[in-house]
Amino acid sequence: MSSRGLASLLAMPPSLRPVILQAALSPSSILSCPTTPLSQTRSYAKRATPSKTRRTASPIPPKKKKTAASRPSVSTKAKPAPAATKKATTSIRPTATSTSTATSTTTSSSTTPDVELHNQPPRTFSYLPTPASTITGSAVLADPPLDADITRSSNLFRHPKFLYSAPRFLNLPFNTRIPEICILGRSNVGKSTLINALAGYGGKKAGTAHGGSASRKGIAITSAKAGCTKTMNAYGFGPPASVKPLTKEEQERNKEGGRGRSERRKKGTGSFKPEGMPKHSLIMMDMPGYGMNSRADWGDEILKYINRRDILSGAVLLVDAVAGLKDGDRMVLDVLREAGLRTSVVLTKADKLVTEPDLHLWQTSTTLREACSHVFQELRQIEKQGESQWFEGDGWTPEIFVTGAGDPKMGGMGIDGARVAICRLAGLVAEPSRMVHVQQPEIVPFDQLVFTAPKVMPKYKIESKPVDKTRGVETAGRGRTRPRTSEKVFDPIRAMEQQIMRAPRLKDLGRASF
Ligand SMILES: Nc1nc2c(ncn2[C@@H]2O[C@H](COP(=O)(O)OP(=O)(O)OP(=O)(O)O)[C@@H](O)[C@H]2O)c(=O)[nH]1
Ligand SMILES: [Mg+2]
């Protein structure tokens, strides 16, 4: 042993000296493990705080932490952690979480933006008729409503509430200030389902009855069996409309001008029940359906409601996209026309025509386009058959909104559009100004005009309702009258001039808006 080795031996703790001395004397052990004493010394020196050192200084994070960091969103979603754990996770790795979220968003938007967009069913989907003068009866896809209108109408459909059921017209409470819109249609067409969807219960929930104890999902009762809704059911939507309280005179006028029947008074006392302050912005009236399983007296009450409810601002006629307009619908449209009530047609169950929630499929569906064209043709026909001022745009709204409210896969398809349509009827959202192509006849100088008599004189038939000549006025629906129109006299010269003006050479000279 060298003098240096001896000195280090003396510096060691006395308890270790015999062991080290024995090892030093054996040459083989020195050769095989020369660092043993040093390592032993080192470990001995650090034994005081072994675990502490490992916890703080270890560069590898513990296994548990690593798992949590690698998939934070999944673990939170799969099993909601208790509040304390959640807090800890957020406070420890806020950047990690935000980064992962940002990354996932970026990835999804950068890789498959179109797929995401196309796989959503359209929230607003409507058709417009082409101008009657050009290609009669065909339909074109309408531009979606303005975002501001969609947001406004969606807000107006918040806070849905069932208000009352009225089996008869006389049972309806007074309402002189909140606009009412009624939903009409054949039995089983989806009226109550649409009410649920408007209230935010889309898809499966919209078509689920809430009457049973097991499934209380929507606000309206729906059923696959026709004739489910037997009374006029009112639903309130939106925040309370801001109006002034009715004055005493107005209340008195209500009392006198009301129907003045015993139903309007509290039973026994004969006292008048005044109208309260509005609690909603809009009232939707779900009506009993006509057709299968319906009753004649329901029809009477519906007629009374359409003709005599002054606050009624419009009607939404639901038409089954597969079945199309039926005789019952035509009769109701006749009534609406004679009443001069603004009407919007909404197609329901369109998910039966386009079964996939793919926007592209919806936009290119010819079946759906034809279904809408057919409805336009029928509406124009019904408009012509009457004498009232119930015209396209003024009486019936030309835009037909398409919905598939009750389909679980579609989940409230087209409901945003239906909301906008209803709010437009109620005057809560502005009507859009419509741009249409107008084809004008080419202007020909007078000296170039060539007058030729038609080879066959056309037979003109003037279709009009027989007018009661004894009376100076005629009814225009909803209690209104207008002066009787003068009798039309056939003027052959004028008819010939008109035919010349309707020359086949037409040129598109621009656009006009109205
Ligand atoms: N696939 C599909 N089914 C619908 C749709 N709308 C309604 N339904 C179904 O049609 C059936 C009738 O719906 P309701 O809302 O009760 O029809 P209704 O017009 O209120 O019927 P009545 O109250 O009898 O006049 C239910 O089974 C609904 O689930 C839709 O858009 N798509
Ligand atoms: Mg119903």
Side-chain angles (χ1 to χ4, degrees), residues 121-126 160 162-167 181-212 215-235 284-299 301-302 305 315-326 328-329 332 345-357 362 365 367-368 371-372 400-419 421:
R123 295 286 301 175
T124 156
F125 195 75
S126 56
F162 167 71
L163 299 179
Y164 55 82
S165 277
I181 302 288
C182 65
I183 299 196
L184 300 163
R186 291 189 302 124
S187 323
N188 221 26
V189 76
K191 298 178 292 295
S192 308
T193 306
L194 183 70
I195 291 274
N196 281 341
L198 292 170
Y201 300 97
K204 204 173 182 180
K205 282 184 188 174
T208 315
H210 82 107
S215 55
R216 191 170 263 273
K217 301 257 168 80
I219 54 167
I221 300 173
T222 66
S223 168
K225 206 173 152 219
C228 170
T229 308
K230 295 177 172 59
T231 53
M232 294 181 265
N233 297 336
Y235 299 88
M284 297 291 304
M285 200 65 85
D286 183 12
M287 307 297 269
Y290 43 84
M292 199 190 281
N293 290 348
S294 67
R295 292 209 315 248
D297 54 323
W298 295 351
E301 297 306 319
I302 293 173
Y305 178 78
V316 176
L317 179 74
L318 297 196
V319 173
D320 191 316
V322 182
L325 264 173
K326 296 280 175 185
D329 300 318
V332 167
V345 174
V346 170
L347 284 199
T348 60
K349 305 192 182 182
D351 51 277
K352 291 188 177 174
L353 293 180
V354 182
T355 48
E356 290 304 315
W362 282 88
S365 163
T367 343
L368 201 52
C372 283
I400 293 186
F401 284 91
V402 180
T403 62
D407 184 73
K409 203 165 54 174
M410 300 292 174
M413 182 265 146
I415 290 306
D416 282 351
R419 285 184 183 142

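Numbering of ligands and ligand atoms starts at 1, following listing order.
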Quiz item: What atoms of ligand 1 come within less than 4.0 Å of a heavy atom belonging to G227?
Solution: 24 (O)

Quiz prompt | Per-atom contacts, ligand 1 versus G289 - under 4.0 Å to a heavy atom | solution = 25 (O)

Quiz item: Are the side chain of D351 and the backbone N or O of A405 linked by a donor-acceptor pair below 3.5 Å?
Solution: no

Quiz item: Given K349, K225, M292, which one has a non-hydrogen atom that is nearest to atom 9 (C) of ligand 1?
Solution: K349

Quiz item: If only atom types and distance count, is the side chain of S187 paired as donor or acceptor with the main-chain N or O of M292 below 3.5 Å?
Solution: yes

Quiz prompt | A350-ligand 1 polar pair, N/O distance under 3.5 Å | solution = no

Self-check item: Distance filter under 4.0 Å to S223 heavy atoms, resulting ligand 1 atoms
Solution: 11 (C), 12 (C), 13 (O), 16 (O), 26 (C), 27 (O)

Quiz item: Is a side-chain donor or acceptor of S365 paired with a backbone partner of W362 at a separation under 3.5 angstrom?
Solution: no

Quiz item: Side chain, backbone, both or neither: which part of D351 comes within less than 4.0 Å of ligand 1 when only heavy atoms are counted?
Solution: side chain

Quiz prompt | Heavy-atom closest pair, residues A418 and F401 | solution = N-CD2, 4.2 Å

Quiz item: Below 4.0 Å from any atom of ligand 1, is there a heavy atom belonging to G185?
Solution: no

Quiz item: Is the backbone of L198 close enough, under 3.5 Å, to the side chain of R419 for a donor and an acceptor to pair up by distance?
Solution: yes

Exercise. Find all atoms of ligand 1 within a distance of less than 4.0 Å from any non-hydrogen atom belonging to S192, and give their numbers and elements.
Key: 15 (O), 20 (O)

Exercise. Without swapping roles, check the side chain of N293 against the backbone of A226 for a donor-acceptor pair under 3.5 Å.
Key: yes

Quiz item: Numbering the atoms of ligand 1 from 1, which are under 4.0 Å from a heavy atom of A226?
Solution: 24 (O)

Quiz item: Quick one: CD1 on I219 to CG on L163, what's the gap to the nearest 0.5 Å?
Solution: 8.5 Å

Practice problem: With heavy atoms of N188 as the reference, note each atom of ligand 1 found under 4.0 Å away. | Solution: 11 (C), 12 (C), 17 (O), 18 (P), 19 (O), 21 (O), 22 (P), 24 (O), 25 (O)

Quiz prompt | N or O pair under 3.5 Å between K191 and ligand 1 | solution = yes

Self-check item: Identified side chain to side chain contact (heavy atoms under 4.5 Å, CB included) counterpart of L347 within the set L318, T403, V322, V319
Solution: V319

Quiz item: What atoms of ligand 1 come within less than 4.0 Å of a heavy atom belonging to S187?
Solution: 25 (O)

Practice problem: Determine the minimum heavy-atom distance between C228 and T222, stating which atoms define it. | Solution: SG-C, 4.1 Å

Quiz item: Backbone or side chain, does any N or O of I221 fall under 3.5 Å from an N or O of ligand 1?
Solution: no

Quiz item: Hey, does M287 come in under 3.5 Å of ligand 1, counting only N/O atoms on both sides?
Solution: no

Quiz prompt | Separation between NZ of K191 and CG of L317, rounded to the nearest 0.5 Å | solution = 9.5 Å

Quiz item: Should you measure from each heavy atom of T193, which atoms of ligand 1 turn up under 4.0 Å away?
Solution: 6 (N), 7 (C), 13 (O), 14 (P), 15 (O), 28 (C)

Quiz item: Is the distance from the Mg ion (ligand 2) to the nearest N/O/S atom of S192 under 2.8 Å?
Solution: yes

Self-check item: T229 near the Mg ion (ligand 2) via N/O/S, less than 2.8 Å
Solution: yes

Self-check item: Any N/O pair P288/ligand 1 closer than 3.5 Å
Solution: no

Quiz item: Do you know the tightest heavy-atom contact between G412 and R123?
Solution: O-NH1, 3.2 Å

Quiz item: Would you say the side-chain atoms of D320 pair up with the backbone N or O of V189, donor to acceptor, closer than 3.5 Å?
Solution: no

Exercise. Please indicate whether any nitrogen or oxygen in T229 is less than 3.5 Å from any nitrogen or oxygen in ligand 1.
Key: yes

